[in-house]
Protein chains: 2
Amino acid sequence: MVQKQEYLSKNQKIVLDHVEKANQPLKAYSILYNVQKKGLKAPLQVYRALDKLVEIGKIHKIESRNAFVACKNSNCVVSNATAFSICESCEKVTEINNSKLSKYLSNFEDNSGMKYSKYNLEFFGLCKKCKNK
Amino acid sequence: MVQKQEYLSKNQKIVLDHVEKANQPLKAYSILYNVQKKGLKAPLQVYRALDKLVEIGKIHKIESRNAFVACKNSNCVVSNATAFSICESCEKVTEINNSKLSKYLSNFEDNSGMKYSKYNLEFFGLCKKCKNK
DNA sequence: AACGCATTGTTATATTATAACATTATTATT
DNA sequence: AATAATAATGTTATAATATAACAATGCGTT
């Protein structure tokens with residue numbers, strides 16, 4: 001039996017490295033542009049690396065922005081419970097690390113009989129800086 | 001002073017009408033294809049109508065799917081607090097109408113000093129039907 | 001060595017969304 | 001009724017985001 005992948009591949013490392021160095025979400029094509037010097041030439045190479053990194057929780061996708069950000073929560077082993085705050089003015093995105101919130105949402109059940117294995121929450125508003133302008 | 005728009009325009013009505021008749025989220029280009037017989041010829045006509053309808057809360061965007069669904073909550077006057085359940089197998093999407101959840105999230109504050117005016121939450125899992133397969 | 005599977009490389013193309021510009025409609029104020 | 005402000009429309013072109021399809025390589029297991 002083939003073991004579950006433990007180490008990142010070359011392209012995955014390159015992409016993760018780049019995304020981790022940014023402290024804001026990056027667009028796929030901006031990543032592509034910036035890793036071209038490292039040999040990744042085509043969108044698919046970036047998207048494939050991103051897919052994997054999202055799958056294993058190293059990177060999260062900010063769905064409302066089509067952008068990708070490195071996971072800041074060491075405990076976010078798998079990308080199944082994510083929450084972000086997004087400033088609608090400066091677009092600053094912060095991953096929310098709030099155990100009460102994650103507990104509340106992980107245990108949430110509605111009357112549909114559906115048990116949720118995953119969620120993504122995006123809050124919008126104005127960050128401190130932008131509010132005081 | 002010009003008043004806030006009260007009635008929908010021609011294109012907005014056409015698009016909303018079509019989206020309301022579907023009971024699942026629709027893609028923008030699928031909407032376009034289906035309203036062409038009503039005279040809307042270009043993507044922008046659909047996107048502009050959708051933008052407005054989303055803004056006034058008649059339609060919500062399912063961000064993770066790039067799809068649009070009519071609001072089922074009569075109280076969802078403005079599209080500022082949305083929650084959905086999404087089946088990862090059959091892609092059925094349901095708008096969650098749970099006052100406890102919406103109260104909890106509307107009042108949520110973290111330590112960033114940011115006050116949220118809006119949120120979107122998407123739960124993923126298997127619906128009843130798909131779970132029993 | 002042979003197999004299975006993840007990854008890579010590459011070209012082409014599909015899908016989603018907006019820019020830019022000209023025109024028309026609606027409604028409030030003068 | 002004329003004017004002005006705002007919203008909506010129509011149209012062409014193009015930008016931005018993402019995947020299909022196919023061939024080849026790398027690497028651990030049997």
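This one's a predicted model, so the numbers in the text were calculated from it and none came from an experiment. A, B, ... follow the sequence lines: proteins, then strands. Residue 1 opens every chain.
One can place CD1 of A:I14 at 13 Å from C1' of C:dG9, the figure rounded to the nearest angstrom. Residue B:N66 contributes atom CG, which lies 11 Å from atom P of D:dT17 at whole-angstrom precision. Per the geometry, OH belonging to A:Y47 stands 18 Å off P belonging to C:dT11, to the nearest Å. Rounded to an integer number of Å, the gap from CD of B:Q12 to P of C:dA25 is 16 Å. Distance CG (A:N11) to C1' (C:dG9): 9 Å, rounded to an integer number of Å. Between B:R65 atom CZ and D:dA18 atom P there is a gap of 13 Å when expressed in whole angstrom units. In this structure, A:L50 atom CG and D:dT19 atom P are separated by 11 Å, rounded to whole Å. Straight-line distance from the CG atom of A:L26 to the P atom of D:dA16: 16 Å, rounded to whole Å.
Residues satisfying the side chain to side chain contact (heavy atoms under 4.5 Å, CB included) test with A:N23, not counting sequence neighbours, are none. Residues passing the ring-ring contact (aromatic ring centres under 6.0 Å, His included) test with B:F84, sequence neighbours excluded: B:H60. Evaluation of the salt bridge (charged side-chain N to carboxylate O under 4.0 Å, His left out) rule for A:E91 yields A:R65 as partners, not counting sequence neighbours. With sequence neighbours excluded, no residue satisfies salt bridge (charged side-chain N to carboxylate O under 4.0 Å, His left out) with B:E20.
The stretch residues 37-46 of chain A touches DNA chain C through A:K41, A:A42, A:L44, A:Q45, each having a heavy atom under 4.0 angstrom from the strand.
Contact between the side-chain N/O atoms of A:S9 and the OP1/OP2 oxygens of C:dT8 is found at a separation under 4.0 Å. Applying the 4.0 Å criterion to OP1 and OP2 of C:dA17, one finds that B:K61 has a side-chain N or O inside that range.
Closest approach of B:N120 to A:F124, counting heavy atoms only: N-CE1, 4.2 Å. B:G125 and A:S117 get closest at one heavy-atom pair: CA-OG, 3.9 Å.
Put simply, CG on B:N98 and NZ on B:K103 are 10.5 Å apart, with the number rounded to the nearest 0.5 Å.
The aromatic rings of B:Y47 and B:F68 lie perpendicular to each other, with more than 60° between the two planes, well past the 30° mark. Classified by interplanar angle (parallel below 30°, tilted 30° to 60°, perpendicular above 60°), the ring pair B:Y104/A:Y104 is parallel.
Minimum atom distance to the side chain of A:K10 is reached by C:dG9, of the listed C:dT16, D:dG10, C:dG9.
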>> Each nucleotide in nucleotides 22-27 of chain D should get exactly one letter: B, S or -. Can you fill that in based on protein heavy atoms under 4.0 Å?
In response: ------

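Here A:Y29 lies parallel enough and close enough to stack on the base of D:dT17, with planes under 30° and ring centres under 5.5 Å apart.
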